[in-house]
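Okay, structure first, notes after.
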Amino acid sequence: MNATDVQRNFKDTVFRMLFKEKKNLLNLYNALNRTTYTNTDDLEITTLENAVYMNYKNDISFVFDFELMLYEHQSTYNPNMPLRDLLYVSSVLHNRVKNENLYSKKLIKIPTPQFVVFYNGVDSQPEQQILRLSDAFEKRQERPALELAVLVYNINLGHNQELLDTCCLLKEYAQYVEQVRTFAKEMSFPEAVEQAVEHCIRNGILSDFLSENRAEAIAVSIFEYDEEKHIQSERKEWREIGREEGENKVLQLMQKLMEAGKTGEMKRALSDPAFREQLYREYGQ
């Protein structure tokens, strides 16, 4: 299976493959909230395939116990998560209330939103941190009129041990990722993924899941790594251009194009200064 096939057919990551199953998702929810719900009948997984400005292949959004939860796995730190989540949750809520009369005297109830990121990248990050939308405001306010907070958990082994011990599946996922990285130091990444899968199956780490979904898990792991490496390569090229034009200006443009999913424009802008200037004007820079 080549990379194009993987991109077209496997939009999930291993994390999403694991936790899109209601039983597993409820177990993760219980671990975070220290509850013991067992009935998945009221758990409503929410999808929004055409969310504007989003490429949410790493997210799992669901409604349960009057809460709208958005869980996302990330292997790279992203300070723009509050803004991304604001755009996403606005689309989700619009979809939920589109048939309601917003001008009536009746108060329309909506589920309480919560935003969580599970980080397992190689860059050093704290055990937990809160990213706030107000951090991005150009004019800071003591009591911002609009706020959105994203709780980020570092789920690399050795961090948030209580959470990992409470949700065994999350712990085993972290062990799988760590095993891939260990083998990747000695061999090519595709070989490392193959060896990690074999090792985990033999040692009871996600063994049932990896045995049943072996080919797909290997494919999405390799594609996710290739995609992340590609993004990092493009960021390096942008930074080199940025030294000449003002790094912040270039990086802001790159971020806007990434959020809009305009990878073609990003590639052209790298080699075409005139097109880059056109994009600056188009995005008000």
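Since we're looking at a predicted model, the values are computed, not measured.
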Test side chain to side chain contact (heavy atoms under 4.5 Å, CB included) applied to Gln195 and Glu186, step by step: CA-CA 11 Å; Gln195 290 297 317; Glu186 305 171 357; over 6 Å; no
So how far is it from [X] [atom1] to [Y] [atom2], rounded to the nearest 0.5 Å?
X: Met69; Y: Leu28; atom1: CE; atom2: CG; value: 8.5 Å
X: His159; Y: Ser124; atom1: NE2; atom2: OG; value: 6.5 Å
X: Cys168; Y: Asn24; atom1: SG; atom2: CG; value: 11.5 Å
X: Leu26; Y: Thr35; atom1: CG; atom2: OG1; value: 7.0 Å
X: Leu206; Y: Leu18; atom1: CG; atom2: CG; value: 5.5 Å
X: Ile45; Y: Phe62; atom1: CD1; atom2: CZ; value: 8.5 Å

Lys/Arg-Asp/Glu bridge criterion (N-O < 4.0 Å) met for [X], [Y]:
X: Arg140; Y: Asp135; value: yes
X: Arg214; Y: Glu194; value: yes
X: Glu72; Y: Arg84; value: yes
X: Glu21; Y: Arg16; value: no
X: Glu44; Y: Arg96; value: yes

Give the cluster check for [X] versus [Y]: same hydrophobic cluster or not, with ILVMFWY residues linked at side-chain heavy-atom distances below 4.5 Å.
X: Phe66; Y: Ile60; value: no
X: Ile110; Y: Leu102; value: yes
X: Val197; Y: Phe183; value: no
X: Val97; Y: Leu93; value: yes

Any donor-acceptor N/O pair, [X] side chain to [Y] backbone, under 3.5 Å:
X: Ser104; Y: Asn101; value: yes
X: Asn39; Y: Asp41; value: yes
X: Ser91; Y: Leu87; value: yes
X: Lys23; Y: Thr40; value: no
X: Asn120; Y: Ala174; value: no

Aromatic ring proximity His73/Tyr173, centre distance under 6.0 Å: yes
Any non-hydrogen side-chain atom of [X] less than 4.5 Å from a side-chain atom of [Y]?
X: Val117; Y: Val150; value: yes
X: Leu169; Y: Phe209; value: no
X: Tyr176; Y: Cys200; value: yes
X: Leu68; Y: Thr112; value: no
X: Asn27; Y: Phe19; value: no

Salt bridge (Lys or Arg N to Asp or Glu O under 4.0 Å) pairs, two or more places apart, involving residues 141-163: Arg34-Glu162
Gln128 and Asn160: side chain donor to acceptor below 3.5 Å: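 Yes.
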Side-chain donor-acceptor pair present, Gln175, Gln179, cut-off under 3.5 Å: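 There is no such pair between these side chains.
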Pairwise ring-ring contact (aromatic ring centres under 6.0 Å, His included) hits with a residue in residues 20-46, at least two apart: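 Every pair satisfying ring-ring contact (aromatic ring centres under 6.0 Å, His included) with a residue in residues 20-46: Tyr29-Phe64, Tyr37-Phe64.
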ring-ring contact (aromatic ring centres under 6.0 Å, His included) contacts in which one or both residues fall within residues 109-152, not counting sequence neighbours: Phe15-Phe118, Tyr71-Phe118
Smallest separation among heavy atoms of [X] and [Y], with atom names:
X: Glu127; Y: Gly158; result: OE2-O, 3.9 Å
X: Val14; Y: Ala217; result: CG2-O, 3.8 Å
X: Ile201; Y: Ser207; result: O-CB, 3.7 Å
X: Asn156; Y: Gly121; result: ND2-O, 3.0 Å

Criterion side chain to side chain contact (heavy atoms under 4.5 Å, CB included) on Val152 and Ile130, from CA distance to verdict: CA-CA 6 Å; Val152 183; Ile130 297 178; over 6 Å; no
Glu216 and Ile218: CA distance, side-chain angles, deciding distance, side chain to side chain contact (heavy atoms under 4.5 Å, CB included) verdict: CA-CA 5 Å; Glu216 187 174 354; Ile218 291 173; over 6 Å; no
Positive for side-chain contact (heavy atoms from CB on, under 4.5 Å) with Gln114, one of Leu151, Asn33, Leu70: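 When side-chain contact (heavy atoms from CB on, under 4.5 Å) is applied between Gln114 and each of Leu151, Asn33, Leu70, only Asn33 qualifies.
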CA sep, side-chain torsions, deciding dist, call: Glu100, Lys106, side chain to side chain contact (heavy atoms under 4.5 Å, CB included): CA-CA 10 Å; Glu100 300 282 352; Lys106 175 186 175 183; 5.5 Å; no
